[in-house]
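In the text below, chain A, chain B and the rest are named by the order of the sequence lines, each starting its count at 1.
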Amino acid sequence: MNYWLMKCEPDVFSIDDLARQKVEGWYGIRNYQARNMMRDAMRIGDQVFFYHSNVKVPGIVGLMEVISKPYPDPTQFDPDHRYFDPKATPEQPRWVQVDVQYIRHTRRLISLEELKKDDSLGELPLLRRGNRLSIMPVGKSDWQRILELEAAN
DNA sequence: GCCAACGTTGGC
DNA sequence: GCCAACGTTGGC
């Protein structure tokens with residue numbers, strides 16, 4: 001099983017929205033690196049941290065699980081959608097998405113600042129300089145460490 | 001709202 | 001295929 005962190009701006013879609021819906025197709029990924037990870041490495045059952053970005057206190061707010069294989073992101077075919085990609089066709093789709101299911105909120109916000117302060121998380125891609133990917137892998141030991149942080153306060 | 005750090009685009 | 005210009009992300 002793999003572990004991931006996926007970012008979303010809560011103004012667009014928040015952990016509360018996911019809790020209400022239970023399941024959401026994670027559409028709108030338009031970065032090749034993020035797509036390739038989703039397409040090539042994500043598996044049903046993988047565990048994911050839900051991360052709120054572009055807010056006053058960014059950080060991890062919940063847990064979710066991948067419940068589908070990657071499949072074509074329908075918004076790439078919709079000319080009226082902001083994620084429309086004129087170069088994508090149903091025959092040759094360019095972008096994929098997966099479905100994720102709500103597991104739970106974290107007990108509290110685990111802020112980016114707190115993650116940065118933890119010495120053992122130095123290799124976490126989220127904390128590497130200039131990493132703006134919206135989907136990032138999380139090592140198993142980092143995953144466990146972050147859950148310890150959650151419980152510690 | 002600023003701006004660093006990217007990724008993408010397109011002219012050549 | 002290079003690279004300057006441009007757009008975007010996202011923390012601050």
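- Going from atom CE of A:M136 over to atom C1' of C:dT9 covers 11 Å, rounded to whole Å.
- The main-chain N or O of A:M42 is never found under 3.5 Å from a side-chain atom of A:N2 such that the two would form a donor-acceptor pair.
- When rounded to the nearest whole Å, the span between CG of A:L115 and P of C:dG10 equals 15 Å.
- Between the side chains of A:S53 and A:R132, no donor-acceptor pair of N or O atoms lies under 3.5 Å.
- Taking atom CZ on A:R82 and atom C1' on C:dG7, their separation rounds to 12 Å, with Å as the unit.
- Atom-to-atom, CG of A:N131 to C1' of C:dG11 comes out at 13 Å; the value is rounded to the nearest Å.
- Between A:D85 atom CG and B:dT8 atom C1' there is a gap of 12 Å when expressed in whole angstrom units.
- Atom CG in A:N54 sits about 11 Å away from atom C1' in C:dT8, given to the nearest Å.
- When the side-chain nitrogen and oxygen atoms of A:K7 are compared with OP1 and OP2 of C:dG10, one or more of them lie within a distance under 4.0 Å.
- The residue A:E9 sits apart from the nucleic acid: no heavy atom pair falls under 4.0 Å.
- Taking the six-membered ring for Trp, A:F49 and A:W143 have ring centres closer than 6.0 Å.
- Rounded to an integer number of Å, the gap from CZ of A:R30 to C1' of B:dT9 is 17 Å.
- Counting any heavy atom pair closer than 4.0 Å across all strands shown, A:K56 reaches no nucleic acid atom.
- Checked against B:dT8, C:dG11, B:dA5, the side chain of A:Y32 finds its nearest nucleotide in B:dT8.
- Residue whose closest nucleotide on DNA chain B sits further toward the 5' end, between A:K87 and A:R132: A:R132.
- Residue-environment remark: CZ (A:R82) stays at or below the threshold of 12 foreign heavy atoms within 6.0 Å.
- Rounded to whole Å, the distance from CG on A:L126 to P on C:dG11 is 8 Å.
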